[in-house]
Every structure is written in C-alpha cells, then in structure tokens.
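Structure first, commentary second.
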Amino acid sequence: MFSTETYTARRAELKRALGNGLALFVGNAEVGMNYAANPYPFRQDSTFLYYFGIDKPDLVAVIDVDNDREILFGDDLTLEDIVWMGQQPRLREQADRVGVRDVLPLQRVSAFLKKARRSGQTLHFLPPYRPEHRLALKGWLNLAPEKQKAAASEAFIRAVVAQRSRKSDEEVAELERAVNTTGDMHVAAMKAARPGQLEAELAGLVEGIAVSAGGHLAYPVILTVQGQILHNHYHGNVLQPGQLVLGDFGAETALHYAGDLTRTFPVSARFTPRQHDIYQIVLDAQLHAIALLKPGVRYLDVHLAAARRIAEGLKALGLMQGDVDEAVAQGAHALFFPHGLGHMMGLDVHDMENLGENYVGYSSTVQRSTQFGTAYLRLARELEPGFVLTVEPGIYFIPQLMQQWKRKKQCAAFINYKVLDKYCTFGGIRIEDNVLITTEGYRILGKPVPKSIAEVEALRAEAY
Ligand code: GLY
Ligand code: MN
Ligand code: MN
C-alpha cells in the first residue's frame, strides 16, 4: 500500500474535480469458480484500490462531497471467519491506514444512499462490470441492471479517468517493477522453449514467475504458435521446429500495477528468412512509433505512422502494392495489422477500460474511426506527460480474414493476393513494450528485453 497521504490526496483531488454530490465506490466480492468457497484469486476493483487502497472483499465506500465526509462500509470478521481465514486488521484500523474517518456496517449502505437521495444529493456511480455490482446497485437504487450503464455519472467517470491517466512517480516505480518481472518471464520463456514442448509448459513457467514475484498475472497468458489469433489462450499445441512462438503476458505487482510485454521468437535457434523479413518490419514499425512519442502527439497519428511502416515493408516484400499513404488511408494495412497500436496501462492492463474506452482513449478532438482496424484503437487521443501506454504493432496472416478479403477483392489495388497465398500458414508476430510519456518525450519502462533479431537469436541459442 502507498502512504496514507497518497490516498487522502487522491480523494481530495477527486472532491475538487466533482464539486458536489456523493460518489459511490463498490469494491469487489469474491467470485466462486465452481462453488462459493472455492473462489478465483480475489481482485479488488482498481478504482476502489486507487482511492481507498484496501485490498479486501465486500467493501463499499462513499465520498460525500457536499458534506466533506468519507465513509467505509464493511464488516469485521466473525470468530467463525477467523477460524478459517485467520485474524485480519479490524476495519477501523484499515480505514485509519488510508485516512478515512467514518466506518459503518455494510448493511447500512442501502439506508445511507436512500437518505442521501431523499435529501436531493446527486449520486455519482461508475458503470458496473460485475454481476454482483449490478445486483447491489439494483437493490440500493432500485435501478434495473440494463439501465445502469447509461445512468452512470459522466462527471465521475471523467474525473477518475483524468486522475488515473497521469501516473505519479510512485505509480511509475510500481509499474516499472511489474514490467521488470514481466521481462524476466519473457526471457525465461525464450530460454526454455524447445521443440516437442507443449505451449502449456511455458505458460506455466511464466505464470510461476509472476506469482513468485509476489503478485499475479496481469491478464491470461497468450503463449502460442498460432500468433495470428490475437487473444489466443489455448496452450495445447506442441512446439515444432520452424514455428514462431508469440508470447504476450505480464505480471501485476502485489499493489496490482500491470506489465504487458510481447515477444515473438522462433522455436528453432534462428528465424527462417521469411520470418526474419516480417519480424524486421514489425520491429522497424515499433521503433519508429516509439521514437514519435511525446506530449501533444495524437496516438492515432502514431498508429498510422506505424501502419505506414508496415505497409512500406510489406510492399518491399511484394505483399502490398501501390501508394502506401493511400493504402493506409483506405485501411488496406488492417488485413495484416487489424488492432490498435496500444492502450493505457496502470492498475488495469487496459487501464480503466471498465469506465469506457472512449473516455480513456479519445477526446473532444479525436473521435473514433469507423474503418475496419482503425476503429479498434483503444488509444487515439493526444498524449500527456505521466501517461503510461503500450506500443505493440504486429503483422498477422489470419486465413479466414485473408480468404474473405480475397473473395471480396477488398483493397485489391493495394494487396497482391497471389503472393499472399504463400503466407497462409505463417502465423503472427507482435512486439510490445511499455512506455512512459515524459515532459520531453518518452522513457521505455523496465530493463531491456531482447528484441532485435540478433538478440533474440542469441538467447534462443542458449536453449540449444
Ligand atoms: N495483453 C493484451 C494486450 O496486449 O493488449
Ligand atoms: Mn500484451
Ligand atoms: Mn497490450
């Protein structure tokens, strides 16, 4: 946990931003995997963690801006709970630790909120993303679950997003810790991979490193020889010589800040000439994109600059053709690079995605595109110092997408469909790093993880 002052200062800033009303924070509950007493690892809600820091289930908090009052609702463990779960600090002590004066039993939330509403206070709540939150809001506010997203407070969402988007020095240090553990996971996978292994052996190895470092995974491991499936969580393939392994996985620290790196490496000691060529294009695009990062730049423009590099590289290989700028303007690159260049990262790996991607990644001057590929950007807005984001271009050969585009002759002026057929079993390559935007430009977080072809092949040589 950070210092008491960190949490009180965060809440004070939120109060200033909101100006009035009553802000409701619904902490997470345990979720049963197959029955209630066999839960998934507990994960506190990130906004609750940000303002209240307490990493325990079944808590609700309120900031009553109108009356300058903060209240933590929860219950101390019963003796029976203590028999199974051990002694825990009393709620009063936990509230003191984060500078909250008032503590009330959980069952008082409902009456408290009803009274506040009767007295005409504006109630601010965030869009719920768990069924337990939706049921709780239904009970407290008599508001049907399907109406809750629209009724969530835009002022509250905007205030939280503005605050959480700019990472403090202590948050950056925590993020860097996560990225360093994540780097260890990637180096371990690159050193350990051998033909004949199941993907699951490597997935287990890297998850163990995240847990050993005192935290957890930041998201389910992607470790696959089928890198063209963007979020592939299947780990049942056997590694074969000549294949590529795409590993996209990261640790979150004990304080729940995330790391999110991707590396792609050959199962054999060296890339094949074709893999070498595609890898170098992705790497060039990633390095080019990173070099453009600084405050004021629109991430949409960085994305498009990376897309142009990819299109140029693919044109040099004969896979694309025609005018590169026009190809990107028409979205032809999205056959190979159908996702966004990156996203914000913090307490969530896709930071604040539960609050609404448009609030986090877009602004009054940057609106979401409707074009295939460009429409999927999670981050497009102008960058500011303190933002932490990912830079993760990729090139994928997705057979179903290739067949559909070919059938429809989509962007045929820019894609050489004859050459494309030769790549239908290629798979995919992505390279991802985590970057802090500074007042002057940028800083890549964490210790370097092998990325150039020479570095990756040197590490793979250690496996043989
Ligand atoms: N780990 C998913 C992503 O890179 O966005
Ligand atoms: Mn990733
Ligand atoms: Mn990512």
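Excluded from the calculations below are hydrogen atoms, water molecules and symmetry mates; all remaining heavy atoms, backbone and side chain alike, are included. A quick note: this is a predicted structure, and the numbers were derived from the prediction, not measured.
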Flag yes if more than 12 heavy atoms outside [X] fall under 6.0 Å of its [atom1] atom; otherwise flag no.
| X | atom1 | answer |
| --- | --- | --- |
| R90 | CZ | no |
| D169 | CG | no |
| R92 | CZ | yes |

For S119 and K115: C-alpha separation, side-chain torsions, deciding distance, then whether side-chain hydrogen bond (donor to acceptor under 3.5 Å, both in side chains) applies. CA-CA 6 Å; S119 71; K115 187 162 167 235; over 6 Å; no
Short side-chain to backbone donor-acceptor contact, [X] and [Y], under 3.5 Å:
| X | Y | answer |
| --- | --- | --- |
| H186 | G250 | no |
| Y417 | K409 | no |
| D351 | D348 | yes |
| Q228 | F426 | no |
| R11 | G99 | yes |
| H216 | R43 | no |
| E199 | V225 | yes |
| Q44 | I54 | yes |
| H333 | R308 | no |
| Q403 | Q400 | no |

Does H350 have its ring centroid less than 6.0 Å away from the ring centroid of Y219? no
Ring centroids only, cut at 6.0 angstrom: are F336 and Y396 within range, meaning strictly under it? no
Residue pairs fulfilling side chain to side chain donor-acceptor pair (under 3.5 Å) with at least one residue in residues 131-149, sequence neighbours excluded: N28-H133
Residues forming a side chain to side chain donor-acceptor pair (under 3.5 Å) with T264, sequence neighbours excluded: none
Does a side-chain N-to-carboxylate-O contact under 4.0 Å join R443 and E176? yes
Do H124 and V65 pass the side chain to side chain contact (heavy atoms under 4.5 Å, CB included) test, and can you show the C-alpha distance, the side-chain angles, and the key distance before you say yes or no? CA-CA 10 Å; H124 301 283; V65 184; 5.8 Å; no
For E252 and Y257, run side chain to side chain contact (heavy atoms under 4.5 Å, CB included): C-alpha distance rounded to whole Å, both residues' side-chain angles, the deciding distance at 0.1 Å, then the answer. CA-CA 5 Å; E252 69 170 32; Y257 284 84; over 6 Å; no
T182, L246, T390 screened by side-chain contact (heavy atoms from CB on, under 4.5 Å) with T262, the one that passes: L246
Going through the checks in order, is the side chain to side chain contact (heavy atoms under 4.5 Å, CB included) test met by L261 and K451? CA-CA 11 Å; L261 301 178; K451 187 160 76 165; over 6 Å; no
Please assess T181 against D184 for the test side-chain hydrogen bond (donor to acceptor under 3.5 Å, both in side chains), listing each intermediate value before the final yes or no. CA-CA 5 Å; T181 302; D184 291 343; 5.2 Å; no
Stacked cation flag R10 on Y50, 6.0 angstrom / 45 deg: yes
Could you go through E382 and S363, starting from their C-alpha distance and side-chain angles, then the distance that decides it, and tell me whether this counts as side-chain hydrogen bond (donor to acceptor under 3.5 Å, both in side chains)? CA-CA 8 Å; E382 305 84 356; S363 66; 3.0 Å; yes
Nearest heavy-atom contact between D102 and R69 is OD2-NE, 2.8 Å
Looking at A332 and F414, what are the two nearest heavy atoms and their distance? CB-CB, 3.8 Å
Check each of F48, Y51, F125, F73 against F25 using the ring pair (Phe, Tyr, Trp, His ring centres under 6.0 Å) test, and report the only one that passes. Y51
Euclidean distance, L377 CG relative to L300 CG, rounded to 0.5 Å: 6.0 Å
Apply the test salt bridge (charged side-chain N to carboxylate O under 4.0 Å, His left out) to residues D433 and R263: give CA-CA distance (whole Å), side-chain angles for both, the deciding distance (0.1 Å), then the verdict. CA-CA 9 Å; D433 283 306; R263 290 292 184 269; 3.0 Å; yes
What do the steps show when you test F337 against H303 for ring-ring contact (aromatic ring centres under 6.0 Å, His included), and what is the final call? CA-CA 10 Å; F337 175 35; H303 171 89; 5.0 Å; yes
Go through E174 and H256 one step at a time and tell me if the side-chain hydrogen bond (donor to acceptor under 3.5 Å, both in side chains) criterion holds. CA-CA 9 Å; E174 196 63 23; H256 300 289; over 6 Å; no
Please step through side chain to side chain contact (heavy atoms under 4.5 Å, CB included) for the pair R118 and K114, ending with a clear verdict. CA-CA 6 Å; R118 265 201 312 274; K114 281 197 179 86; 4.2 Å; yes
